[in-house]
Amino acid sequence: MKRLGILISGRGSNFEAIADSVAAGRIDAAIAVVISNRPEARGLAVARERGLNAVCIPSKGLDREVYDRLLAEELKRNSVDLVCLAGFMRLLSAGFIREFPLRILNIHPSLLPAFPGLDAQHQALEHGVKVGGCTVHFVDECLDSGPILVQTAVPVLNDDTVEALSARILKEEHRIYTEAINLVLAGNFRIEGRRVVFT
Ligand code: GAR
């Protein structure tokens with residue numbers, strides 16, 4: 001059975017959605033390890049409550065190369081096949097990415113390439129877009145970049161606040177992350193330039 005490594009920094013609702021899918025048999029894989037770079041992350045406590053292997057590797061004060069090496073070692077120790085970033089708010093070094101070729105996914109709360117980086121939903125409202133959404137993509141060395149696996153759109157409503165729009169998007173995030181993991185685990189795709197072509 002394939003083994004997932006989930007990286008978080010905070011609330012961990014995407015991690016929980018993945019864990020629910022695994023528990024319900026909607027994802028045919030096991031969660032081998034949940035790693036947080038922040039000791040206070042709510043998702044870390046949730047992972048422990050669920051009886052999962054939950055590990056904190058604090059990133060504070062470490063330079064990127066050193067941190068990423070610790071991260072890669074922990075993932076390898078747990079024989080992880082697929083790394084899922086779920087609100088993991090760090091850029092990964094080229095060295096780390098090379099260790100897991102086409103084996104790192106990220107979820108982002110916008111229709112990339114619009115609004116990469118922090119506070120994507122706020123950026124979307126500020127820009128005045130009428131449609132928002134979320135994206136699951138392979139991770140490369142750039143921020144919220146890399147070939148796109150799944151995207152879905154939601155409307156932006158006249159009276160939307162950041163909270164209301166974020167909640168509408170988050171519901172879709174929870175759904176498409178499971179879909180994307182299943183697509184990658186099935187392996188029926190090839191990469192043509194930036195395009196992920198399903199076969
Ligand atoms: C999610 O909305 C995720 O898309 C976003 O952080 C939130 C984490 O929530 N990620 C990014 O903005 C990455 N650039 P969660 O901890 O409840 O899953």
Side-chain angles (χ1 to χ4, degrees), residues 4-23 26-27 31 33-50 52 54-59 64 67-68 71 82-93 96-97 104-127 129 131-156 160-181 184:
L4 308 180
I6 303 185
L7 307 190
I8 62 171
S9 296
R11 180 176 58 186
S13 74
N14 276 291
F15 143 63
E16 282 193 88
I18 295 167
D20 287 345
S21 288
V22 167
R26 289 190 300 270
I27 293 176
I31 296 178
V33 65
V34 179
I35 304 174
S36 172
N37 68 311
R38 296 199 184 125
E40 72 280 9
R42 174 188 168 274
L44 198 58
V46 171
R48 292 199 179 106
E49 279 160 25
R50 283 177 174 253
L52 294 168
V55 176
C56 184
I57 308 178
S59 51
R64 191 173 306 288
Y67 185 77
D68 285 3
L71 205 55
L82 184 63
V83 180
C84 302
L85 311 190
F88 185 68
M89 300 312 235
R90 288 179 58 83
L91 264 181
L92 293 165
S93 57
F96 181 92
I97 290 160
I104 313 171
L105 308 185
N106 181 45
I107 187 148
H108 185 74
S110 76
L111 293 172
L112 289 171
F115 316 126
L118 292 176
D119 301 322
Q121 305 92 332
H122 177 75
Q123 293 184 54
L125 281 181
E126 285 286 294
H127 197 89
V129 294
V131 177
C134 46
T135 304
V136 180
H137 62 92
F138 285 115
V139 171
D140 65 14
E141 289 155 47
C142 301
L143 178 68
D144 299 321
S145 175
I148 291 170
L149 278 153
V150 183
Q151 289 188 302
T152 200
V154 304
V156 178
D160 261 349
T161 58
V162 171
E163 290 71 29
L165 177 60
S166 298
R168 194 174 308 122
I169 293 172
L170 192 64
K171 202 164 162 243
E172 296 302 314
E173 292 186 42
H174 295 166
R175 185 177 63 75
I176 70 168
Y177 216 157
T178 289
E179 187 184 331
I181 289 169
V184 173

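Just so it is clear, the structure is predicted and the values come from calculations on it, not from any experiment. Nothing fancy with the numbering, it's 1 onward along the sequence. Atoms within each ligand, like the ligands themselves, are counted from 1 in listed order. These values consider heavy atoms only, across backbone and side chains, with no hydrogens, waters or symmetry-generated copies.
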Exercise for the section: Check side chain to side chain contact (heavy atoms under 4.5 Å, CB included) between E141 and all other residues, then give those that pass, not counting sequence neighbours. Expected result: A94, I97

Exercise for the section: Taking all heavy atoms of C56 and all of R38, pick out the closest pair and write down the distance. Expected result: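 Taking every non-hydrogen atom into account, SG-C, 3.8 Å.
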
Handout entry: For R50 against A19, the heavy-atom pair lying closest together
Key =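 That would be NH1-CB, 3.4 Å.
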
Handout entry: D119: salt bridge (Lys or Arg N to Asp or Glu O under 4.0 Å) partners, not counting sequence neighbours
Key = none

Return a table of donor-acceptor pairs under 3.5 angstrom between the side chains of residues 147-155 and protein atoms on other chains or two or more places apart.
residue: Q151; atom: NE2; partner: L112; partner atom: O; Å: 3.0
residue: Q151; atom: NE2; partner: T135; partner atom: OG1; Å: 2.9
residue: T152; atom: OG1; partner: R175; partner atom: NH2; Å: 3.4

Handout entry: H108 side chain vs F115 backbone, donor-acceptor pair below 3.5 Å
Key =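 Here the side-chain-to-backbone pair exists.
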
Exercise for the section: At a heavy-atom distance under 4.0 Å, which protein residues reach ligand 1? Sort them by chain and number, would you? Expected result: R11, G12, S13, N14, G87, M89, I107, H108, P109, D144, E173

